[in-house]
Student: 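Starting off with a structure, shown below.
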Amino acid sequence: MEISAIGTTKEAGLRTIVVALDADVESLRALDWVQHEFYKPGDILHMVHVCRCMSSPLEVFHGVPGTTLHVADPSPHNESRELASAREFFMGRVEDKLQKAGIPWELHLFADTVNSGAADIATIILKVAQKVDAVIVVLARHDKPKQGWFGPGSVAKVCEALPLPVYIVP
């Protein structure tokens with residue numbers, strides 16, 4: 001569920017760039033890479049963040065047809081507070097920087113369930129990229145330890161298979 005796109009996009013741009021962000025240093029480095037190494041005047045930047053904050057439905061199935069019970073979440077999440085916090089975080093980190101550089105941008109915030117996986121997040125990123133006709137998707141490389149070496153995080157790994165150019169910032 002997309003909450004809202006906010007920002008300062010222009011009608012005419014040379015290219016549309018999608019940057020997937022989360023609340024860590026690596027993601028902000030990916031944004032810096034786009035700003036300093038890839039961006040050309042006239043491009044439009046679309047930042048995507050998925051907030052895993054919606055509670056999943058809880059069901060109890062007893063094995064007999066018709067005996068599934070839908071149970072209210074005993075500890076409901078406050079999605080609106082989580083999304084407002086995410087928006088505030090990104091606006092505080094990127095708005096001033098991009099405006100000073102004269103880069104037109106939009107921030108796309110999405111709410112998903114707390115147990116959404118890498119494929120779910122990659123699907124959201126792809127849908128935004130297709131909607132805005134992106135020429136590239138840029139993600140941060142979150143070095144995750146895997147059998148003695150470090151490799152890209154799960155979302156970046158899934159995004160490598162997207163049907164458009166993907167750059168993973170080291």
Side-chain angles (χ1 to χ4, degrees), residues 1-57 77 79-80 82-91 93-95 97-98 101 103-144 146 150-170:
M1 162 175 81
E2 183 173 10
I3 302 309
S4 64
I6 56 174
T8 59
T9 58
K10 295 179 185 174
E11 288 288 320
L14 294 176
R15 302 176 301 176
T16 303
I17 304 162
V18 169
V19 181
L21 297 174
D22 57 17
D24 62 19
V25 174
E26 289 89 357
S27 286
L28 297 177
R29 246 192 330 258
L31 184 59
D32 287 342
W33 180 85
V34 169
Q35 180 181 353
H36 299 291
E37 304 295 331
F38 192 78
Y39 174 80
K40 293 179 183 176
D43 289 351
I44 298 172
L45 183 62
H46 290 266
M47 298 171 289
V48 179
H49 175 70
V50 179
C51 188
R52 296 182 205 182
C53 59
M54 294 171 49
S55 44
S56 301
H77 296 271
E79 290 91 1
S80 58
E82 297 274 344
L83 288 164
S85 177
R87 178 176 293 185
E88 184 179 315
F89 175 82
F90 289 112
M91 297 300 285
R93 292 267 164 52
V94 302
E95 181 179 29
K97 173 196 286 197
L98 295 177
I103 298 175
W105 58 275
E106 281 192 20
L107 174 63
H108 301 264
L109 289 176
F110 290 85
D112 206 345
T113 59
V114 293
N115 60 351
S116 61
D120 301 319
I121 294 171
T123 300
I124 291 170
I125 293 167
L126 175 61
K127 285 181 180 178
V128 171
Q130 290 172 331
K131 179 180 175 184
V132 302
D133 197 25
V135 297
I136 192 168
V137 172
V138 179
L139 302 103
R141 177 186 173 116
H142 295 82
D143 287 328
K144 307 284 183 176
K146 293 181 182 179
F150 287 90
S154 55
V155 174
K157 196 73 178 152
V158 173
C159 284
E160 287 176 334
L162 292 180
L164 64 151
V166 174
Y167 184 73
I168 300 173
V169 176

Student: For L107 and M91, what are the C-alpha separation, side-chain angles and deciding distance, and is it a side-chain contact (heavy atoms from CB on, under 4.5 Å)?
Tutor: CA-CA 9 Å; L107 174 63; M91 297 300 285; 4.2 Å; yes
Student: Is there a side-chain contact (heavy atoms from CB on, under 4.5 Å) between T123 and I121 once you walk through the steps?
Tutor: CA-CA 5 Å; T123 300; I121 294 171; over 6 Å; no
Student: Quick check: closest heavy atoms across R29 and P170, and the distance to 0.1 Å?
Tutor: NE-O, 4.1 Å
Student: Measuring from atom OH of Y167 to atom CD1 of I17, what distance do you get when rounded to the nearest 0.5 angstrom?
Tutor: 13.5 Å
Student: Verify, without hydrogens or angle tests, whether H49 (side chain) and L21 (backbone) share a donor-acceptor contact under 3.5 angstrom.
Tutor: yes
Student: Got a sec, which residues hit salt bridge (charged side-chain N to carboxylate O under 4.0 Å, His left out) with K127, two or more places apart in sequence or on another chain?
Tutor: none
Student: Nearest 0.5 Å please: distance from the NE2 atom of H108 over to the NE2 atom of H46.
Tutor: 5.0 Å
Student: I need the W105 CH2 to K97 NZ distance, nearest 0.5 Å.
Tutor: 13.0 Å
Student: Set out, in order, the CA-CA distance, both residues' side-chain angles and the distance that settles side-chain contact (heavy atoms from CB on, under 4.5 Å) for W33 and V138, then state yes or no.
Tutor: CA-CA 9 Å; W33 180 85; V138 179; 4.0 Å; yes
Student: Which pair of non-hydrogen atoms, one from L139 and one from I125, has the smallest distance, and what is that distance?
Tutor: CD2-CD1, 4.3 Å
Student: Provide the closest heavy-atom pair for L126 versus P163 in the form atom of the first, atom of the second, distance.
Tutor: CD1-CD, 3.8 Å
Student: Determine the minimum heavy-atom distance between G42 and Y39, stating which atoms define it.
Tutor: N-OH, 3.6 Å
Student: Would you say the side-chain atoms of S27 pair up with the backbone N or O of D22, donor to acceptor, closer than 3.5 Å?
Tutor: yes
Student: Evaluate the side-chain contact (heavy atoms from CB on, under 4.5 Å) criterion for residues V48 and V18: first the C-alpha distance (whole Å), next the side-chain angles of each, then the deciding distance (0.1 Å), finally the verdict.
Tutor: CA-CA 7 Å; V48 179; V18 169; 3.8 Å; yes
Student: State, to 0.1 Å, how close L164 and V137 come at their nearest heavy-atom pair, and which atoms those are.
Tutor: CD1-CG2, 3.7 Å
Student: CG/L45 to OG1/T16 distance, rounded to the nearest 0.5 angstrom?
Tutor: 10.0 Å
Student: Counting only N and O atoms by type, is there a donor-acceptor contact under 3.5 Å from the side chain of D43 to the main-chain atoms of R15?
Tutor: yes
Student: Can you tell me how far CE of M47 sits from CD of E95, rounded to the nearest 0.5 angstrom?
Tutor: 9.0 Å
